[in-house]
Each structure stands twice: as structure tokens, then as C-alpha cells.
Amino acid sequence: MLQVNHIRQYREKVLERLSAKYFMETALVDAVIEKDDLRKRIQSANDEILSRRNLASKEIGALMSKGLKDDAEARKQEVTDLKSKIDRNEQELARLEVEIREVLQRIPNLPHEQVPAGRTPEDNVVVRQWGDTPVLHVGAVPHWDLIKKYGLVDFETGVKITGSGFPLFKGRGAKLQRALIQYFLDSNTEAGYTEYIPPYMVNEASAYGTGQLPDKEGQMYYMPADNFYMIPTAEVPVTNIYRDEILKESDLPILMTAHSPCFRREAGSFGKDVRGLNRVHQFDKVEIVQLVHPDKSYEVLEQMVEHVERLVQSLGLPYRILRLCAGDMSFSSAMTYDFEIYSAAQERWLEVSSVSNFEAYQTNRMKIRFKDAEGRMRLVHSLNGSSLALPRIMAGLLENFQTPDGILLPAVLHRYVGSDRLV
RNA sequence: GGAGAGAUGGCAGAGCGGUCGAAUGCGGCGGUCUUGAAAACCGUUGAGGUGUAAGCCUCCGGGGGUUCGAAUCCCUCUCUCUCCGCCA
């Protein structure tokens, strides 16, 4: 969430950036400032009373030790009288703090100046495009038909075991998925990211830290018996590694990568979006996360985009990189690039990665800070990106590399699959 | 699942209800010494709120209570550790 002091200091700018995002509840901005002003006033008044109480209590101690019982009793009464005031103030303060936090949580991150204006996906800007659309043989089919033909994924049995959207990978399909995970993790660690295998369920505090709670609660699977959430992405456990930590400036940047299954309820999805591997409830993804010095985060965002770009390129999949417009960005992002590959048989673009700079929006919630050269406490910036989402990469590979008599593989995967063709 | 112990500053670890935001050790930072380093010695070193500042206030796992006053007493929740059981 945004910092109150920042909102107060740059009120006009904040309002302007929020309107760029088509965020309509601008009254919330003034509500935060108003409530915080009130909080300050009550806090100061109460501190003054507390100070008097502390002094009186000390004196009571001194009087008692001198045996001046009557004087002590008089002072005791004085303190007792202060108590009701203190109680009232503290209740008011507690209430205000909750209210301020609730309002802050409803205000999204501010889109960076360089983020294109606009509110729908049509307003996203293609910043780069690479690769030629493959010319498929006559009779080429979408990946869901290839999957069936070669027995790579068994959706029906997944339904039997769990429900729709829980694919059962099998044989060469399972092997390809494992190969891709291995390849992505190897590429990431070579680029300097430290590999993690995180927990796949998180507690409330972690889900809150990265912003899944409270607003995206319905997107996560929840285990009420233990109050845990299934992770919707490895970003959640990995970013939370450093929650409530004060880092040294020399610790930065911190580069982390992790593979994990991702669980998403995807309530309300339907139609061609959900055919085959396009959208499922459980899928695998390799994620990269960085915690960086706030002055460096945009530089790092470009580096992360380039890293993901090399990865997609190495798979020989045609892709384009979009800079999302303000209105299409997620709630907590300040700038986002999406990667879309062209899946030739479906003849459509599929999102395979989203790389974002959250600036201090997440780290303010998680209180991930560092001491700078002047000894000031500052929030680090957090960034993350997919490298990459597995099912859609697989869909693209199957469709684009299909031949009349089998499916070939890009060169980088040969050693991981142990062959130059999948089937 | 059963029994017990515990939760204090970056870490380890003290702390008769008032003089404790907290001993001590380690670590960190600065300095003396040294050609340099180590050692030794000296100093310094938690976070948040408010204020131009001095200062004042809050925080010893979370919440509540007793008291003029709580790290210290009581209740409660959560978590961790040890032992037993079960188990990949």
C-alpha cells in the first residue's frame, strides 16, 4: 500500500496518477489524510496525558519510600482520574488506525509516468516483437488435439481425480514439463538468481504481504482447518522470505527464483479461454523475484524483461512484449510488461509472462527495509516476473513445432528431454 | 495425537512490580595502536509515532486483565523447542 506521508506530501500528483488509472474513489485520498490528521491530534494529546501519568507514578513511588502515605494517596487519585481519558483516546486511536489501513488498502499503486495512458487491453503498447509466424502444414491442429493424439495430458482423468482444470500430465507430456522447469531454473540461476523451493501453502500474513488479501481472496484456495491458502504463484512465499526484515544496503539486490505449482480458482472464466491448457486451476510456473535499492528498480525491471526475453527467444517462439496501459495494470503494480507468444494453430497470442515493478507498494505492507548510506530507514522495491508460465509455453511449443509425423523441439531443450523431438 | 519447556534488541542470553528500552557476551560501525592486518584497548550501535529542535510517547510473541506504576503478576491465543506415538 501507499505511504500516508507520501500521499499527504504529493496529494495533487497522487490524484492525477490515480485518475490515469481510472480509479474513481478519489475521495479515499482525502479520507486518509483527514483520518491521519485526527490520529496525530489525538496521539499528541494522549501522549501528553501519558507523560503526566508516568511522572505522577514515579512520584508516588518516591513518596511511598519516604513513608508519606497521604500525599501518595492523593496522587493516586489524580492518576486514576486520567485513566478514563486515556482509555477513550486509545480506543479512538485503535479505531482510526484500522480505518486508515482499510482505506489505504483500497487505493491502488500509482502508475509510473512512463506507463501508457488507456484503460483496456487495446491501449497496451507493443514495445517489441520478435520471430516469424510459423507456417504450419496442412491439417495442423490446436494443442488440445495434439495432446489427445499423443497422450500428453489427460484432462478427463484429472476431472475424475479432482475436477475440471486440474490436468494430469502423462508420459512425454510430463517429461516436457519437467524439462522446461529444469531449463528455466538453470537459466535463472546462471543469471544470478538463488533457487528456492518454497512452501506451497501460506498463512494469512504472507497472503496479506504480497497483496492477495484482502482484495483477491476469492482467487485463492483456502484451507479453513489450518487457516492456510494455496499459493497462486511462487511470488507469494518467495517475496515473504524477507517480510519484517531490515536489510543492509550491501545485501541488495536480492535475486530469487523458484518453481512451484500455482493454484487459482479462476471463478467466472469460461469459453475458448479455458480450452486445453490456456487456463487451468493448477499449473506450474517458474518465477523470478528481486528486492532492490529504490533508485535502481526501473533499471532492474528492464534487466528482468531482457532476461525473460532471452528465455522465450531461445525456445524459438514468436513473441511480443507489451507495456500495459495504466488501466490494464494490476492493483499493486507501478509498471508492467506482458509477454505474449503466438500460438500458431489457435492463431492467437497467449500471455506467458508478466514482469512488474511494485516499487514500495508491497514492501510497505511487508516492512522490508534497509538502512541507506545516511543511516535513514527506507523501503526496498520489489519486482517479479514469470520465467515462465508452463502450460501456455507448452501449448505454443506443441502447436508451433508440430509436423505431420510428430512434434519437434527447440535446440535448448534437446539435452533436457534427451531427444530432438517430443514425439 | 499425548506430555513437558519456552517466546526479551542482528544473534546468544540476564532481568527483586518503580531508578529497565532493558545487564553481559558476540556481531556491526568509528577510533587508538600498526608499514598493513590481527590482537588489545576506547567509544558507539533497536524500531515506530510526534515535533524545526530539545524532548515527549509507544513497543520485551499477539490480545485482555490486576496495579498509582508491568518485560516482571493473572487469563487467553498463537508459535517454537524437547520427549513419546504415527509416518514419507
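Keep in mind it's a predicted model, so treat the numbers as computed, not measured. Convention: sequence-line order gives letters A, B, ...; per-chain numbering from 1.
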A:Thr363 backbone acceptor or donor facing A:Ser382 side chain under 3.5 Å: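 Checking the backbone N and O of A:Thr363 against the side chain of A:Ser382, no donor-acceptor pair under 3.5 Å is found.
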For the pair A:Ser206 (side chain) and A:Val202 (backbone), establish whether a donor and an acceptor sit closer than 3.5 Å, ignoring hydrogens and angles. no
Expressed as a whole number of Å, how far does the [atom1] atom of [N] sit from that of [M]?
| N | M | atom1 | value |
| --- | --- | --- | --- |
| B:G17 | B:G85 | P | 41 Å |
| B:U24 | B:C41 | P | 15 Å |
| B:G61 | B:C57 | C1' | 22 Å |
| B:A70 | B:G64 | P | 14 Å |
| B:C73 | B:C60 | C1' | 16 Å |
| B:G63 | B:U8 | P | 16 Å |
| B:G1 | B:C86 | P | 15 Å |
| B:G10 | B:G6 | P | 24 Å |

Atom-to-atom span, [atom1] of [X] to [atom2] of [N] - whole angstrom:
| X | N | atom1 | atom2 | value |
| --- | --- | --- | --- | --- |
| A:Asn364 | B:G48 | CG | P | 12 Å |
| A:Gln77 | B:U67 | CD | P | 13 Å |
| A:Asp36 | B:G49 | CG | C1' | 10 Å |
| A:Asp244 | B:G48 | CG | P | 12 Å |
| A:Asn5 | B:U50 | CG | C1' | 11 Å |
| A:Lys58 | B:G18 | NZ | P | 13 Å |
| A:Lys76 | B:G18 | NZ | P | 15 Å |
| A:Met377 | B:U45 | CE | P | 14 Å |

Remember a base hit wins even if backbone is also touched, and classify A:Lys40 as base, sugar-phosphate or nothing at under 4.0 Å, heavy atoms.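 The residue A:Lys40 makes sugar-phosphate contact but no base contact.
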Over all strands shown, is A:Lys367 touching base, sugar-phosphate only, or nothing at heavy-atom distances under 4.0 angstrom?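 Result for A:Lys367 = nothing.
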Which atom pair, heavy atoms only, marks the closest approach of A:Asn357 to A:Leu301?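 Looking at all heavy atoms of both residues, the closest pair is N-CD1, 3.9 Å.
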Contact summary for A:His307 and A:Ala191, nearest pair of heavy atoms: CE1-CB, 3.5 Å
Test log, rule side chain to side chain contact (heavy atoms under 4.5 Å, CB included), inputs A:Met1 and A:Arg101: CA-CA 9 Å; A:Met1 57 191 161; A:Arg101 203 174 59 237; 4.1 Å; yes
Dot-bracket for RNA chain B, 5' to 3', with Watson-Crick and G-U pairs under 3.5 Å, [ ] for crossing pairs and | for other-strand pairs: what is it? ((((((((.[[[..)..(.....]]]((((((.......))))))(((((....))))).[[[[[..)....]]]]])))))))....
Kindly write out the residues that satisfy ring-ring contact (aromatic ring centres under 6.0 Å, His included) with A:Phe401, not counting sequence neighbours, or none if the list is empty.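 Result, ring-ring contact (aromatic ring centres under 6.0 Å, His included) vs A:Phe401: none returned.
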Begin with the C-alpha distance, continue with both residues' side-chain angles, and end with the deciding distance and a verdict on side chain to side chain donor-acceptor pair (under 3.5 Å) for A:Gln362 and A:Glu235. CA-CA 11 Å; A:Gln362 291 183 326; A:Glu235 165 202 342; 2.9 Å; yes
Whether each nucleotide of nucleotides 52-64 of chain B has a protein heavy atom under 4.0 Å at its base (B), only at its sugar-phosphate (S) or at neither (-) is summarised, 5' to 3', as ----SSS------
Passes side chain to side chain contact (heavy atoms under 4.5 Å, CB included), A:Val380 versus A:Arg369? Steps please. CA-CA 5 Å; A:Val380 307; A:Arg369 295 165 294 174; 5.9 Å; no
Select one nucleotide: of B:G48, B:G18, B:U50, the one nearest the side-chain heavy atoms of A:Ile60.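 Ranking B:G48, B:G18, B:U50 by closest atom to the A:Ile60 side chain puts B:G18 first.
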Taking B:U50, B:U67, B:A47 as options, the one with an atom nearest any side-chain atom of A:Lys83 is B:U67
Anything under 30° is parallel, anything over 60° is perpendicular, the rest tilted; go ahead and classify A:Phe166 against A:His281.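 Tilted: the ring planes of A:Phe166 and A:His281 meet at 30° to 60°.
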Short side-chain N/O contact from A:Arg39 to OP1 or OP2 of B:U50, under 4.0 Å: yes
May I ask you to verify if any side-chain N or O of A:Lys371 is less than 4.0 angstrom from the OP1 or OP2 atom of B:A47?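 Result: yes.
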Start with the C-alpha distance between A:Glu204 and A:Tyr229, add both sets of side-chain angles, then the distance that settles side chain to side chain donor-acceptor pair (under 3.5 Å), and finish with yes or no. CA-CA 7 Å; A:Glu204 229 175 346; A:Tyr229 294 86; 4.7 Å; no
Student check: side-chain heavy atoms of A:Ile231 and A:Tyr221 closer than 4.5 Å: no
First encountered from the 5' end of RNA chain B, between A:Ile246 and A:Gly61: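 Its nearest nucleotide being more 5', the pick is A:Gly61.
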